[in-house]
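Before I ask anything, let me first share the structure, which is written out below as structure tokens.
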Amino acid sequence: MSSASEVADAAERKDVRGRWLLSLPALLIIGIASVFPLLIVLVYSFLKPGSYGDVVWQFSPDAWVGVLFQRDIFDGTLSIADAHLSIFWRSVRLSLMTTVLALILGFPTAYFIATRPERTRAIWLFLITIPFWTNLLIRTFAIQEVIRNEGVVNGLLMKLGVISSPIQMMFTDFAIMIGMVYVYFPLMVLPLYASMEKLDFRLVEAGYDLYATRLKVLWRIIIPMVKPGIIAGSILVFIPSLGAYVTPRVLGGGRNLMLGNLIELQFGQGRNWPLGAALSITLLVIVMAALLIYVRKASNGGAHHG
Amino acid sequence: MPEKPDRSAIEIRNVSKIFGSGDDQVKALDNVSVDIRENEFFTLLGPSGCGKTTLLRLIAGFDFPTEGEIRLHGEDIAPLPPFKRPVNTVFQNYALFPHMTVAQNIAFGLEMLGRPKQEIEARVAAMLKLVKMEQLRNRKTSQISGGQQQRVALARALAPQPKVLLLDEPLSALDYKLRKEMQIELKRLQGETGITFIFVTHDQEEALTMSDRIAVMSAGRILQVGSPWEIYDHPAERFVADFIGETNFLTGTVKEAGNGRARLLLGSGAEIAASAASDFKPNAEATLMVRPEHAKLVKGKGDLGGTVQNIVYFGTDTHIHVRLDGGEMFIVRQQNARSAGCGFEEGEKVGVSIGDDAAQVLRD
């Protein structure tokens with residue numbers, strides 16, 4: 001008996017060591033690719049900027065002060081950095097609007113695909129993902145071609161006589177939002193589709209049978225059941241939108257900056273790496289906070305429903 | 001049995017349903033007409049693919065008939081969407097809402113009807129009591145057993161007090177013992193609520209034990225409508241006799257017919273007279289049907305001669321397989337007594353006696 005348990009103990013110890021060894025590659029990759037670079041960013045944010053980019057190895061909280069405040073060049077007093085705040089606010093606002101619009105468009109799209117016969121579903125999904133295989137920059141310029149003053153939309157509307165002069169769409173927040181919805185649309189549709197595909201449509205029939213109208217069935221049965229897909233899709237669209245760089249750069253011009261552009265500016269023309277690093281971490285914190293709120297709300301909602 | 005009013009709850013008039021189009025067309029229902037009476041336990045019985053579930057879905061409103069009318073208390077409901085029909089369904093897999101509790105599931109229909117909160121609460125409590133599930137009202141539907149889910153599905157469908165309750169093979173997922181329990185339970189609920197039940201099943205035993213009347217379906221048509229007794233003892237067609245219970249079939253030619261009776265000449269040369277389900281002309285091919293428990297085995301000469309081939313003991317009764325002189329197999333069922341065996345031995349020459357009322361002549 002005792003020898004048997006000893007053997008079992010030894011096997012278990014070996015098992016534990018084996019598990020550690022097996023997880024080592026993953027731990028190494030996480031360490032090198034995620035933790036280490038983040039540490040560099042964090043350290044840089046507490047240093048002084050060099051005159052030609054790079055950093056001077058000297059501790060300074062200036063970059064962190066600069067995230068929210070600006071120093072008057074004459075008397076050195078601090079005031080709120082309106083420019084930064086408005087960029088934060090624009091980033092969050094545009095990302096939220098992008099997420100909502102992508103959800104409004106993506107939900108019926110995913111529902112449509114999920115209710116097709118099984119053999120045609122793959123084709124629809126394929127069509128949704130095709131734009132993803134094209135270079136982001138090219139796709140963004142393609143949108144520019146559609147919405148610029150001499151572009152397809154304005155040209156068509158003017159030809160039809162709906163408008164007499166082109167509507168200014170380029171270099172507006174609207175353009176950025178349209179661009180981001182277009183770019184991140186598949187990230188909304190795919191998780192939505194994944195949860196709708198699992199939806200038991202007999203439950204929908206049961207809803208109709210119990211006097212629920214189409215709208216009530218949507219609200220009381222379909223949406224609660226595909227909620228995981230809604231949450232996943234929204235997170236997948238909101239987070240990259242918040243840090244988007246190419247889309248606001250091309251479609252928003254130089255005037256409508258988002259957080260990604262502001263950060264790029266510090267590492268480029270601004271030659272203020274510590275501020276760029278501090279802004280990057282700020283973005284990270286905003287994303288984490290948004291995620292945390294979402295997850296908490298989602299799990300609360302789940303508990304509420306039973 | 002209490003007297004049932006004879007008014008129709010549901011009238012199905014010349015209903016056909018065709019699925020698909022062109023070469024893929026499938027005729028699921030072929031000109032079906034039937035009346036289902038108020039406060040009746042009515043069963044649609046048939047093998048899978050016979051159209052019974054399609055007919056149920058047409059009544060519920062999930063599908064619409066290609067042709068024909070469906071009347072509920074005289075009003076044509078065929079064009080109405082399901083949420084406008086005072087009809088509720090118990091689904092085969094229950095289709096309970098997994099994101100709601102037991103009580104929320106039961107309240108759903110009433111909420112959708114816009115009933116006041118107090119009424120809903122009272123009704124949910126009454127329903128929970130009716131199906132004996134008061135203890136589990138706040139459980140999620142995934143946390144209760146199959147039999148309990150069945151009860152919740154019943155309570156949910158009964159809560160809005162529908163005119164007609166549709167049940168789509170609701171007991172098929174339960175094990176044997178639970179199924180027996182639920183059969184009695186369903187019968188009790190039907191009696192207590194006074195609601196017309198339309199029950200779909202492929203299980204003939206279930207149909208016989210629960211129903212007031214049964215419609216036997218095959219290949220999109222209704223072959224016979226009648227009480228369990230009529231269906232079992234006076235089947236209209238060979239398919240009905242074959243589908244319900246065990247039956248001996250012997251083929252032969254009609255010698256003479258008339259007055260609801262026919263005399264049949266069997267292959268072995270024996271002649272047997274029996275009641276006839278339809279009119280026959282002399283020399284027509286016909287089938288003689290004898291239930292195993294209606295025939296008697298005798299020592300010596302009976303109506304048919306044969307040899308005992310197999311004796312199968314079933315506890316309550318014994319099945320004796322007889323090879324008839326004409327070559328066909330014939331099964332006789334004898335009720336067992338405690339003191340003695342069945343009285344026959346394998347290989348013994350015996351006679352099969354078919355009483356005057358034991359057999360029926362059927363169309364082929």
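Just so it is clear: chains get the letters A, B, ... in the order the sequence lines come, proteins before strands, and each one is counted from 1.
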* **Residue B:Arg139 versus chain A: region with a heavy atom under 4.5 Å** => neither

* Minimum-distance pair of heavy atoms, taken over all atoms of B:Pro160 and A:Tyr211 -> CB-CE1, 3.4 Å

* To do: Please round to the nearest 0.5 Å and tell me the distance separating atom CZ of B:Phe83 and atom CZ of A:Arg214.
  => 4.5 Å

* To do: Decide if atom CD of A:Glu118 counts as having more than 12 heavy atoms of other residues, nucleotides or ligands within a radius under 6.0 Å.
  => no

* Contact part of B:Asn138 toward chain A, heavy-atom cut-off under 4.5 Å: side chain, backbone, both or neither? -> neither

* Structure fact -> Ordered numerically, the heavy-atom neighbours of chain B under 4.5 Å found in residues 195-206 of chain A are A:Arg202, A:Leu203, A:Glu205, A:Ala206

* Could you state the interatomic distance from CZ (B:Arg85) to CG (A:Asp209), rounded to the nearest 0.5 Å? -> 10.0 Å

* Nearest heavy atoms of B:Met112 and A:Leu210, plus distance in Å -> CB-O, 3.4 Å

* Asked: With only heavy atoms counted, which part of B:Leu166 is less than 4.5 Å from chain A, the side chain, the backbone, both or neither?
  -> neither

* Neighbour count above 12 (heavy atom, 6.0 Å) for A:Leu215 CG -> no

* Check against side-chain contact (heavy atoms from CB on, under 4.5 Å), A:Arg220 and B:Met100 -> CA-CA 10 Å; A:Arg220 293 287 305 270; B:Met100 298 182 197; 4.1 Å; yes

* To do: Could you tell me which portion of B:Gln92 (side chain, backbone, both or neither) has an atom closer than 4.5 angstrom to a non-hydrogen atom of chain A?
  => neither

* Exceeds 12 heavy-atom contacts within 6.0 angstrom, atom CD of B:Glu192 -> yes

